[in-house]
> 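Please see the structure below; I have some questions.
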Amino acid sequence: MLIRRLPPETVNRIAAGEVVERPASAVKELVENALDAGAGRIEIQADGGGLTRLLIADDGCGMAPDQLALAVERHATSKLEPDDAGDVDLLRIFTLGFRGEALPSMGSVSRLTISSRTAGEPAYAIEVEAGQVRPVRPTAFAGSHGTRVEVRDLFYATPARLKFMKSERAEAMAIAEEVKRQAMAHEAVAFSLEIDGRTVLRLAAEHPGDEGRLARLGAILGDAFGQNALLIDQTREALRLSGYAGLPTYSRGNSGHQYLFVNGRPVRDRLLQGALRGAYADFLARDRHPAAVLYLDLDPTLVDVNVHPAKAEVRFRDPALARGLIVGALKHALAGAGHRASTTVADQALSAFRADPVRWAQRAAPAYAPDWTGPWQAPAPTGVIPGLAEVSARVEPQAWTPQTAPAQPDLMDRPLGAARAQLHGTYIVAQTRDGMVVVDQHAAHERLVYERMKAQMAEGAVARQALLVPAVVQLDPAEAERVAAAAPQLEALGLIVEAFGPGAVLVRETPALLGDTDVEGLIRDIADDLAENGQALALTERLSEVCSTMACHGSVRAGRRLSAEEMNALLRQMEATPHSGQCNHGRPTYVELKLADIERLFGRR
């Protein structure tokens, strides 16, 4: 078999297939070049899903004529500085792009034109068509400095690649998503995006810092995200995590609202996504996903950004440190939120009331036609609590006869207010100074019991039960080695394992909370977690599920009647307990309606 040297054109087209997977990949590379050039404003235009035409214009430092010629050569870059010996440290990368492959790769599969101007100098342009480079020439340029890159007929030189492109709409949506990610990472830069001549995104530059970042995120993700986001800012050793994470009740049906950045670079990293999932494992069902925008900043020598051609993945020198920081910071922020639930809970509740009044009246009239001719009289009490209005409601006296039992202003000023009624033996109605709160008593008390059980587990070692006959679990040799290496970590969770020859582990004790559990299934789940995340999440989650089940059975059941003192005591416990705004599955435990919201329901404003 003969070994042949590939022609330069073929080499460039192979590189293009790695770096420029689709139009959104080209946008990513060109926007990162603009950011590295110090741009304060970046304009993006896309026609035909980016396959017909792409234009990226910036006001960065620009390029001189000799630099333009070098820019379209492979592995020519201004972003790596050699030391005195001429060596380049690929671990000390402070820029977004550095390979020097993007522009020549695009030029090999499209018609590429680059126009650029440095401050105080004339503008020049260079063209590349299917890998053929034309001489640098003078050109007109709008602006005192910057660069304008136009890509026409992307992949026309590789027709086979065009067959694998999605629809123009799908490619345009991918471009918009990429621009949004870049805009989230750089709030101090103004962005605009036009697709087929229509402006779909226009973002003004924001002040650097938390306020500017939140304003940028609100402009992209919507005001609801800003209203329901928790500020994250934690540092551990050389790593700093900042950004915003949504409340558990502001969860989503997929992970599309999770954005992760490492040193300003948008990434899709399984380690970071696993850490995000682990931090919310206590608060969300498996089919719900948190919304979060997280920024991880660290010394470039502690992370390798060169493990993926498109730089979409990274590798940490100490992955456990990165994961621990994310989990710890998020849990700290969630605990600080206390009983707070998302504002969207009230919006969803109000939307259920907004029905067609004519249809509502037609539907309700036959079923309820009271006689309003006589004077109103308060219903007779039942003797259980004075002032009980009906069998399905338990009301405090002050709600009906304030002259004999004045309201307690101190309770009305509390976040969850003063209990006024219990409806259908399930829902507590409380009055606040500026609105009302409806509480699901079972879901709320279930969370309170669950948090107490978790605290008890944290105070001491998890109780263990010895197996009558130790279980031998057969695994892949690599999986068995990982499980055996994690034995100290598993012991802290109540699981005693040890190596049992190649490809097997011996289980001697299991957590007592699990009872009669499927030992083999548990070990296999742990092995999968260790392979994917480096930590045994399965056991932790199973213990949490057991605690949740026990809390459910030990909490106040729906249908149980509570006294006024019991209802107020439950409200006060909710205010003092972290995470009480949602049940163990991420559903809200209460809905708060402001007086202004209620007035809008009745057309008062």
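Excluded from the calculations below are hydrogen atoms, water molecules and symmetry mates; all remaining heavy atoms, backbone and side chain alike, are included.
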> Please report the shortest heavy-atom distance between Ala485 and Pro488, naming the atom on each side.
O-CD, 3.7 Å
> Can a salt bridge be assigned to the pair Glu178 and Lys28 using a cut-off of 4.0 Å between side-chain N and carboxylate O?
no
> Under the side-chain contact (heavy atoms from CB on, under 4.5 Å) criterion, do Asn33 and Leu103 qualify, and how do the steps go?
CA-CA 10 Å; Asn33 282 346; Leu103 292 177; 4.3 Å; yes
> Look up atom CG in Asp36 and atom CG in Leu96, then write down how far apart they are to the nearest 0.5 Å.
4.5 Å
> Indicate yes or no for a side-chain donor-acceptor contact from Arg216 to the backbone of Ala204 under 3.5 Å, with no hydrogens or angles considered.
yes
> For a quick test of reading the model, state the closest non-hydrogen atom pair linking Gly146 to Ser116 and the distance between them.
O-OG, 3.1 Å
> Is there a donor-acceptor pair closer than 3.5 Å between any side-chain N or O of Glu206 and the backbone N or O of Ala188?
no
> Among Val483, Ile523, Leu522, whose side chain to side chain contact (heavy atoms under 4.5 Å, CB included) with Val473 holds?
Ile523
> Would you call Glu150 and Arg111 a salt bridge, using N to O less than 4.0 angstrom?
no
> Donor-acceptor pair, distance only, cut-off 3.5 Å: does the side chain of Arg213 make one with the backbone of Leu217?
no
> Any idea which heavy atoms bring Pro23 and Leu154 closest together, and the distance?
CA-CD2, 3.8 Å
> Looking only at non-hydrogen atoms, find the nearest pair between Ala329 and Ile232 and report the distance.
CB-CG2, 4.0 Å
> Report yes or no: does His145 contribute a side-chain atom to a donor-acceptor pair with the main-chain N or O of Asp59 at less than 3.5 Å?
yes
> Show the nearest heavy-atom pair for residues Glu21 and Met165, with the distance to one decimal.
O-CE, 3.4 Å
> So, is the end of the Arg252 side chain (NZ or CZ) under 6.0 Å from the ring centre of Tyr250 and within 45° of the ring's axis?
yes
> State whether the number of non-hydrogen atoms from other residues, nucleotides or ligands found under 6.0 Å of Glu177 atom CD is greater than 12.
yes
> Hey, is the main chain of Ala39 close enough, under 3.5 Å, to the side chain of Asp58 for a donor-acceptor pair?
no
> Kindly say whether Asp210 contributes a backbone atom to a donor-acceptor pair with the side chain of Tyr244 at under 3.5 angstrom?
yes
> Can you see whether Arg148 engages Ser115 through a side-chain donor-acceptor pair at a distance of less than 3.5 angstrom?
no
> Could you measure the distance from the CD1 atom of Ile526 to the CZ atom of Arg482? Nearest 0.5 Å is fine.
13.0 Å
> Does the Arg240 side chain pair with the main chain of Thr235, one donor and one acceptor, at a distance under 3.5 Å?
no
> Closest heavy-atom contact between Met184 and Tyr295?
O-OH, 2.7 Å
> Keeping the roles fixed (side chain from Gln258, backbone from Pro290), state whether a donor-acceptor pair exists under 3.5 Å.
yes
> Taking only Lys NZ, Arg NE, NH1 and NH2, and the carboxylate oxygens of Asp or Glu, determine whether Asp304 and Arg317 approach each other closer than 4.0 Å.
no
> With distance as the sole test, does Arg117 use its side chain to make a donor-acceptor pair with the main-chain N or O of Gly143 at under 3.5 Å?
yes
> Using only heavy-atom distances, determine whether the side chains of Arg53 and Gln45 contain a donor-acceptor pair under 3.5 Å.
yes
> Is the ring pair His257/Tyr259 parallel, tilted or perpendicular, if the boundaries are 30 and 60 degrees?
perpendicular
> Any chance you could measure Thr113, atom OG1, to Glu129, atom CD, to the nearest 0.5 Å?
9.0 Å
